[in-house]
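Just so it is clear, the values below take in all heavy atoms, side chains as well, and ignore hydrogens, waters and symmetry mates.
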Amino acid sequence: ADYQVRAPNSSPTARFTMSSSEVTPPATVTFDASNSSDPDGSIRSYEWAFGDGVRNQGQTTTRRFTTGDIGTVTVELTVTDNDGATDQTRKSISIEQPPNTPPTARATATPSSGEAPVDVTFDASNSSDPDGTIRSYEWTLPGGQQATGQTVKRTYGSDDTGELTASVTVTDSDGASTTDTASVVVTKPPNTVPTATATATPTSGSPPLTVTLSGSASTDPDGTITGYSWTIPGKSSQSGETATVEFTDDDVGTYDISLTVRDNRGATATDTVTVEVVEQQLLPDVSDETLAQGAIVGVGLVSSTLFDSE
């Protein structure tokens, strides 16, 4: 009988390559075991292990790495030949921490315009961070005021008119920061004209007559009165909240004196007060002779009255 002696099976040799040995997630790596060989047969299967319990099959495979894989991952390849013999090989791949992506700051102002006084909300809630969280919001408000928080509220009055800009700096959990700005346009409300009120003390009299004029009762509902101008017929104009006018014998007559006031936004109003300068009433002249005659008549009347009584 003829007997054939079969040579013992030679084990296969496992070999593989990686498309990259260092990656920053998210990243996909391709593993290729086509260089594995079997000297006396063929390779029947390829099994890949990545240390997390997941196993892939095939001469080539891919694996997607995420931030959860940061560190060193050991990749193990097991090849099995047609006679059941196996071989293993291992390689390591480094999964590196990706560089921090700065956050995106987004600031809004609501409303974006308004008439003073206006309540404004500055809001950075639309800011975002693609690879972490936003840790802080720091505001520089109009006028240099500092504030913190996702939203900030302020009220701006007529002294704050114009385009007002606020900036917010957002900082993420890794310390990176970016800045954005938002603006609000504050306009003044329509000006309300002042009210002029003129008074004179006294309002009538005979010369020489000194009259004190006053505009202190004048008012402005939405600002301040910044100017007073007095117009006096036949006299020089005067300025100031109060004024003094001197009338002489030549000034007998009626005077309509006007006061014009001007407010801090240029609006004016006028009021008038009347002063009457009347002629002085003098007693008639009495001569010495008339006084003497009156005295004699007076004495005679007194004497007659005394004799009649007896």
- prompt: With no hydrogens and no angle check, do the side chains of S94 and T72 hold a donor and an acceptor under 3.5 Å apart?
  reply: no
side-chain hydrogen bond (donor to acceptor under 3.5 Å, both in side chains) assessment of T155 paired with D119: CA-CA 4 Å; T155 299; D119 297 325; 2.5 Å; yes
query: Would you say S11 and D81 make side-chain contact, with heavy atoms under 4.5 Å?
result: no
field: Flag side-chain contact, heavy atom, 4.5 Å: T171 against I134
entry: no
message: I'd like to know if the side chain of S19 and the backbone of T30 have a donor-acceptor N/O pair within less than 3.5 Å.
response: yes
message: Can you tell me if E279 has over 12 outside heavy atoms packed within less than 6.0 Å of its CD?
response: no
field: Shared hydrophobic cluster, V23 / M18 (ILVMFWY, side-chain heavy atoms < 4.5 Å)
entry: yes
message: Pair R63, D52 - check salt bridge (Lys or Arg N to Asp or Glu O under 4.0 Å), show working.
response: CA-CA 12 Å; R63 173 69 183 259; D52 57 1; 2.5 Å; yes
query: Given side chains that start at C-beta, do those of T60 and F31 come closer than 4.5 Å, heavy atoms only?
result: no
statement: In terms of heavy-atom contacts, A198 and L259 come closest through CB-CB, 3.8 Å
- prompt: Among T248, D249, L209, whose side-chain contact (heavy atoms from CB on, under 4.5 Å) with V277 holds?
  reply: L209
query: Is there a donor-acceptor pair closer than 3.5 Å between any side-chain N or O of D222 and the backbone N or O of N191?
result: no
Nearest-0.5 Å distance that lies between atom CZ in F50 and atom CD in E76: 10.5 Å
task: Flag the pair Y46 / F16 as yes when their ring centroid distance falls below 6.0 Å, and as no otherwise.
output: no
query: At their closest point, which heavy atom of P102 faces which heavy atom of A176, and how far apart are they?
result: CA-CB, 3.9 Å
- prompt: How about E246 and T210: does a side-chain donor come under 3.5 Å of a side-chain acceptor?
  reply: yes
task: Decide whether T226 and N264 meet the rule of one side-chain donor and one side-chain acceptor closer than 3.5 Å.
output: no
- request: Show your working on side-chain contact (heavy atoms from CB on, under 4.5 Å) between V120 and V118 and close with a plain yes or no.
  value: CA-CA 6 Å; V120 181; V118 57; 4.2 Å; yes
query: Side chain of N82, backbone of R44: donor and acceptor closer than 3.5 Å?
result: no
N-O pairing of D174 and R135 below 4.0 Å: no
field: side-chain hydrogen bond (donor to acceptor under 3.5 Å, both in side chains) between T201 and T212, worked out
entry: CA-CA 5 Å; T201 306; T212 299; over 6 Å; no
message: Quick one, P12 and I43 - any side-chain contact, counting heavy atoms below 4.5 Å?
response: yes
L141 side chain reached by V152 side chain, heavy atoms, under 4.5 Å: yes
- prompt: Is it true that K188 and D160 have a side-chain N and a carboxylate O under 4.0 angstrom from each other?
  reply: no
- prompt: Can a donor-acceptor pair be found between the side chains of T151 and T121 at a distance below 3.5 Å?
  reply: no
query: For the residue pair W230 and G240, what are the closest heavy atoms and their distance?
result: NE1-O, 2.9 Å
query: Do T270 and T260 have a side chain donor and acceptor closer than 3.5 Å?
result: yes
query: Roughly how far apart are E96 CD and I70 CD1, rounded to 0.5 Å?
result: 8.5 Å
field: T108 side, atom OG1; D123 side, atom CG - distance, nearest 0.5 Å
entry: 4.5 Å
message: Side chains of Q88 and T78 only: does a donor on one sit below 3.5 Å from an acceptor on the other?
response: yes
query: Stepwise, does the side-chain contact (heavy atoms from CB on, under 4.5 Å) test hold for T231 with I257?
result: CA-CA 6 Å; T231 301; I257 301 172; over 6 Å; no
message: Could you walk me through whether T272 and S258 satisfy the side-chain hydrogen bond (donor to acceptor under 3.5 Å, both in side chains) test, starting with their C-alpha distance in whole Å, then the side-chain angles of each, then the deciding distance to 0.1 Å, before giving a yes or no?
response: CA-CA 4 Å; T272 300; S258 66; 5.4 Å; no
message: The test is salt bridge (Lys or Arg N to Asp or Glu O under 4.0 Å); show your working for D251 and K235 and say whether it passes.
response: CA-CA 10 Å; D251 297 322; K235 302 286 185 180; 3.0 Å; yes
field: CA sep, side-chain torsions, deciding dist, call: V193, D263, side-chain contact (heavy atoms from CB on, under 4.5 Å)
entry: CA-CA 7 Å; V193 297; D263 70 10; 5.7 Å; no
query: Does S218 reach the main-chain N or O of T197 with its side chain, forming a donor-acceptor pair under 3.5 Å?
result: yes
query: At their closest point, which heavy atom of I232 faces which heavy atom of S236, and how far apart are they?
result: CD1-O, 3.9 Å
query: What distance do D129 atom CG and N100 atom CG have between them, rounded to the nearest 0.5 Å?
result: 6.0 Å
field: Under 3.5 Å donor-acceptor, Q238 side chain and T244 backbone
entry: yes
query: Taking the side chain as C-beta and beyond, is there a heavy-atom pair between P142 and Y156 under 4.5 Å?
result: yes
- prompt: Could you go step by step and tell me if V211 and F247 meet the side-chain contact (heavy atoms from CB on, under 4.5 Å) rule?
  reply: CA-CA 8 Å; V211 177; F247 294 99; 3.8 Å; yes
task: Can you measure from CZ (R265) to OG (S158) and round to the nearest 0.5 angstrom?
output: 7.5 Å
task: Mind running side-chain hydrogen bond (donor to acceptor under 3.5 Å, both in side chains) on E138 and Q146 for me, showing each step along the way?
output: CA-CA 7 Å; E138 297 181 354; Q146 303 296 309; over 6 Å; no
task: Measure from NZ or CZ of R154 to the centre of the six-membered ring of F122 and say whether it is under 6.0 Å with the direction within 45° of the ring axis.
output: no
field: Closest non-hydrogen atom pair between Y137 and Q150, with its separation
entry: OH-NE2, 3.2 Å
message: In the structure I gave you, are the side-chain heavy atoms of V75 and W48 within less than 4.5 Å of one another anywhere?
response: yes
query: Hey, does S128 have a side-chain heavy atom less than 4.5 Å from the side chain of R106?
result: yes
field: Closest heavy-atom pair and its distance - T62, N56
entry: O-ND2, 3.5 Å
message: Working to the nearest 0.5 angstrom, can you tell me the gap between E47 CD and T80 OG1?
response: 7.5 Å
